[in-house]
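Here is the structure we will look at.
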Amino acid sequence: RKYKIKTVEGSHEFATTQEVIRRRYTRLLREQKPLPDLILMDGGKIQIRAAKEVLEDELGLDNPVAGMVKDQKHRTASLLFGENDDVVELDSRSQAFHLVQRIQEEVHRFAITFHRQVRSKNSFSSQLDHIEGVGPKTRTKVLRHFKTLTNIRAANVEDFKKLGIP
């Protein structure tokens, strides 16, 4: 699932993790859908603590939570699990390790793709969207004709009138 963060301003990993966990598991409970047997977090103690705080303290759930931890070279290294977030070493030749590694890589790819989509949408059209009276059709017409924001800034009133823009 993809979540647009609604209640957290700036970069606050603990609060962001809590919002996502809260929204996801509140919805599962409300819709009376089955809960997972294990929740894997892409991260360490901060993410695990944030998830457990919401699940146990707010929602009264007792689902096990494990953190997928990477080493200094940003490769899957181990799991954190249990009451004290104990390190569970994984044999790098085992099927369990490769499964965790593939899950972690997919989570990373999924998140990066989503963040790039959000950023590209915001950065490409945001300046034109703030001009009163410019809607999606006018914006598209202007961008197709002028190609870049630099060309739009350099254009004069007559150039816009030729496009049928008052």
Side-chain angles (χ1 to χ4, degrees), residues 1-92 94-136 139-140 143 148-149:
R1 295 206 176 265
K2 299 175 185 176
Y3 291 89
K4 289 186 181 177
I5 303 304
K6 298 176 181 178
T7 62
V8 180
E9 292 289 326
S11 179
H12 193 282
E13 204 164 341
F14 189 83
T16 301
T17 301
Q18 285 189 313
E19 179 182 331
V20 170
I21 294 292
R22 185 179 298 112
R23 287 169 57 188
R24 175 68 180 145
Y25 292 95
T26 300
R27 180 179 177 171
L28 287 176
L29 291 170
R30 184 178 61 244
E31 295 176 356
Q32 297 179 341
K33 292 194 174 173
L35 298 172
D37 295 326
L38 173 67
I39 299 169
L40 286 175
M41 301 296 296
D42 186 23
K45 291 185 179 188
I46 292 172
Q47 290 80 7
I48 293 172
R49 199 176 84 226
K52 284 181 178 179
E53 203 171 280
V54 172
L55 291 167
E56 294 169 4
D57 299 346
E58 292 180 29
L59 303 176
L61 299 174
D62 191 29
N63 294 65
V65 179
M68 299 179 291
V69 182
K70 294 181 179 176
D71 61 16
Q72 281 76 12
K73 295 182 182 179
H74 208 66
R75 295 180 304 207
T76 302
S78 58
L79 290 175
L80 295 179
F81 185 73
E83 287 294 317
N84 300 317
D85 300 328
D86 300 319
V87 175
V88 178
E89 295 296 336
L90 299 171
D91 178 3
S92 62
S94 70
Q95 288 184 350
F97 175 84
H98 290 293
L99 175 64
V100 171
Q101 186 178 42
R102 284 193 302 271
I103 291 169
Q104 198 168 34
E105 288 170 359
E106 177 60 16
V107 166
H108 183 72
R109 185 204 62 77
F110 190 81
I112 293 298
T113 302
F114 177 60
H115 290 297
R116 285 181 183 154
Q117 286 173 345
V118 169
R119 273 199 311 267
S120 71
K121 282 181 187 177
N122 291 339
S123 66
F124 190 67
S125 62
S126 64
Q127 292 181 13
L128 294 177
D129 288 339
H130 296 301
I131 300 171
E132 189 176 329
V134 175
R139 181 184 65 233
T140 301
L143 284 171
T148 67
L149 290 175

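Please read all numbers here as calculations on a predicted model, not as lab measurements.
Atom-to-atom distance recorded for Asp42:CG and Thr17:OG1 is 10.0 Å, nearest 0.5 angstrom. With rounding to the nearest 0.5 Å, the separation of NZ in Lys52 from CD in Glu83 is 6.0 Å. Summarising the geometry, atom NZ belonging to Lys33 is positioned 6.0 Å from atom CZ belonging to Arg27; distances are rounded to the nearest 0.5 Å. Note that NE2 of His74 and CG of Asp71 are 9.5 Å apart. Values are rounded to the nearest 0.5 Å. Note: Met41 CE to Leu80 CG = 11.5 Å, rounded to the nearest 0.5 Å. Atom CD1 of Ile39 sits about 14.0 Å away from atom CD of Gln47, to the nearest 0.5 Å.
At least one side-chain heavy atom of Leu38 sits under 4.5 Å from a side-chain heavy atom of Phe81. Here the side chains of Val107 and Leu40 are not in contact, with every heavy-atom distance at 4.5 Å or above. Under the 4.5 Å side-chain criterion, counting only non-hydrogen atoms from C-beta, Glu105 is not in contact with Thr76. Between Glu58 and Thr26 there is no side-chain heavy-atom pair separated by less than 4.5 Å. Residues Val69 and Leu79 have side chains not in contact (no heavy-atom distance under 4.5 Å, counting atoms from C-beta outward).
Between Asp91 and Phe97, the closest heavy-atom pair is O-CB, 3.1 Å. Residues Phe110 and Arg1 approach most closely at CE2-O, 3.6 Å, considering heavy atoms. Closest approach of Glu89 to Ser78, counting heavy atoms only: OE1-CB, 4.2 Å. Minimum interatomic distance between Tyr3 and Phe114 (heavy atoms only, all atoms of both residues): O-CE2, 3.6 Å. What you find for Asn63 and Pro36 is that their closest heavy atoms are ND2-O, 2.7 Å. Nearest approach of Ile46 to Phe14, heavy atoms of both residues: O-CD1, 3.7 Å.
A distance-only check finds no donor-acceptor pair linking the side chain of His108 to the backbone of Ile103 [under 3.5 Å]. With hydrogens and angles disregarded, a donor-acceptor distance shorter than 3.5 Å links the side chain of Gln104 to the backbone of Met68.
Ion pairing between Glu19 and Arg23 holds under the 4.0 Å rule for side-chain N and carboxylate O.
Counting heavy-atom neighbours within 6.0 Å of Leu35 CG, excluding the residue itself, gives a total above 12. Within 6.0 Å of atom CG in Asp37, 12 or fewer heavy atoms from other residues, nucleotides or ligands are found, so the atom counts as exposed in its surroundings. Annotation for Glu31: atom CD counts as buried by contact number, over 12 foreign heavy atoms lying within 6.0 Å.
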